[in-house]
Every structure is written in structure tokens, then in C-alpha cells.
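All remarks here apply to the structure that follows.
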Amino acid sequence: MTDILYVEDNIDDADIFCRLIRKLNLPVSYTILNSGSEALEYLLGHSVDHPNQDVSLPKLLLLDLNLDGMSGIDVLEVIRAEERTRWLPIVAFSTSDNPKDIEQAYAAGINAYLVKPGSYQATGMMLQRLCEFWLNDNTRLGNQ
């Protein structure tokens, strides 16, 4: 089972995430996808490349909202409309601190909204806290 599914189209942000997660003193498994449509295929089991219908969902979806093509908000709306993914914990991980973006994300069904910090060290500390809470402390519904 994948602990974190991270949807991020910026290769530099994805690389930083990989390096920081590996530095944590936690056994965290992750998968990175670079588009909203790829994320939906993975989560809903519609892809030949990711035949996941019988595979358990990740413990957490970390979602960039500023994705090329299908936006993170669009992804959220589809995920929340599907029975299989309705209760999947989803955290927005965005550079935007615009109140309208935050409100729109919560209205679409996000569980939490994190603004990407400006420094490598601050991002590492944020990811440490994120993993400790969402992967260890948070109680999920059913088989989530």
C-alpha cells in the first residue's frame, strides 16, 4: 500500500518532496503522479498502466491545485463524487495563500490546506508533521 499519493506537475517540487521524504525517520512509501487525469486513473482504476481497482487506496492524497490541464479542484470534485474515493484524506499542497483559492479548495472537499513554505528546511519540517499526523495519528474510515 502506498502511504502518500502526491500529484505534482512541477518536477522540481516533486524532486524536493522525494529528497525530504527519504530524510524522514519514518517508513513512508509514496507515488508521484504529474497530472490530475493520471491521478484519477490511478485512484479510480481506469488505466491500463495502473489497474488499481482491487488495490487499496493510499492513506493520503497530497494534491497540488495548480496543475496543467485538469486542475486540482477538478480532481477533488471527481474524487468526492465517487464512492470509492469519497472519504480519502486529501491535503492541498499549494503555493497559493489566496483566501479565494483556499475557500474553493475547502468547498470542493479538501481536508486540509497547506501553503508550500519558501525554504527547504521549512518544507521538511512541514512534511514531517504532515506524515506524523495523517499517516500515524489520523483515524481513517473503513478500509481507507
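Starting from 1, each residue takes its place in the sequence as its number.
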Is there a path of hydrophobic side-chain contacts, each under 4.5 Å between heavy atoms of I/L/V/M/F/W/Y residues, joining [Y] to [X]?
X	Y	answer
I11	I32	no
F93	L20	yes
L76	V91	no
M125	L114	no
L5	L127	no

Side chain of [X], backbone of [Y]: donor and acceptor closer than 3.5 Å?
X	Y	answer
N111	I90	yes
S71	L67	no
E38	N34	yes
T85	L88	no
D9	S35	no
N10	D13	yes
R80	A108	no
T2	Y30	no

Calculate, to the nearest 0.5 Å, the distance between atoms [atom1] and [atom2] belonging to [X] and [Y] respectively.
X	Y	atom1	atom2	answer
I16	E8	CD1	CD	9.5 Å
T123	Q121	OG1	CD	10.0 Å
I73	Q104	CD1	CD	4.5 Å

Any [X] side-chain heavy atom under 4.5 Å of [Y] side chain:
X	Y	value
D101	L65	no
L62	L130	yes
N138	P89	yes
I4	C131	yes
I79	L44	no
L135	L60	yes

Distance-minimising heavy-atom pair for [X] and [Y]:
X	Y	value
D74	M70	CB-CG, 3.6 Å
S96	Y113	O-OH, 2.9 Å
P27	D3	O-OD2, 3.4 Å
I110	A112	CG1-O, 3.1 Å

Requested in this report: Dump the intermediate steps for side-chain contact (heavy atoms from CB on, under 4.5 Å) on E41 and L33, then the final yes or no.
Outcome: CA-CA 10 Å; E41 290 172 358; L33 301 176; over 6 Å; no
Query raised in the report: Could you walk me through whether Q128 and L26 pass the side-chain contact (heavy atoms from CB on, under 4.5 Å) check?
Result: CA-CA 9 Å; Q128 174 83 33; L26 301 169; 4.0 Å; yes
Query raised in the report: Is the number of heavy atoms from other residues, nucleotides or ligands under 6.0 Å of E103 CD greater than 12?
Result: no
Query raised in the report: Is E83 salt-bridged to R86, going by a charged N under 4.0 Å from an acidic O?
Result: yes
Query raised in the report: Going by the angle between their ring planes, with limits at 30° and 60°, are Y6 and F17 parallel, tilted or perpendicular?
Result: tilted
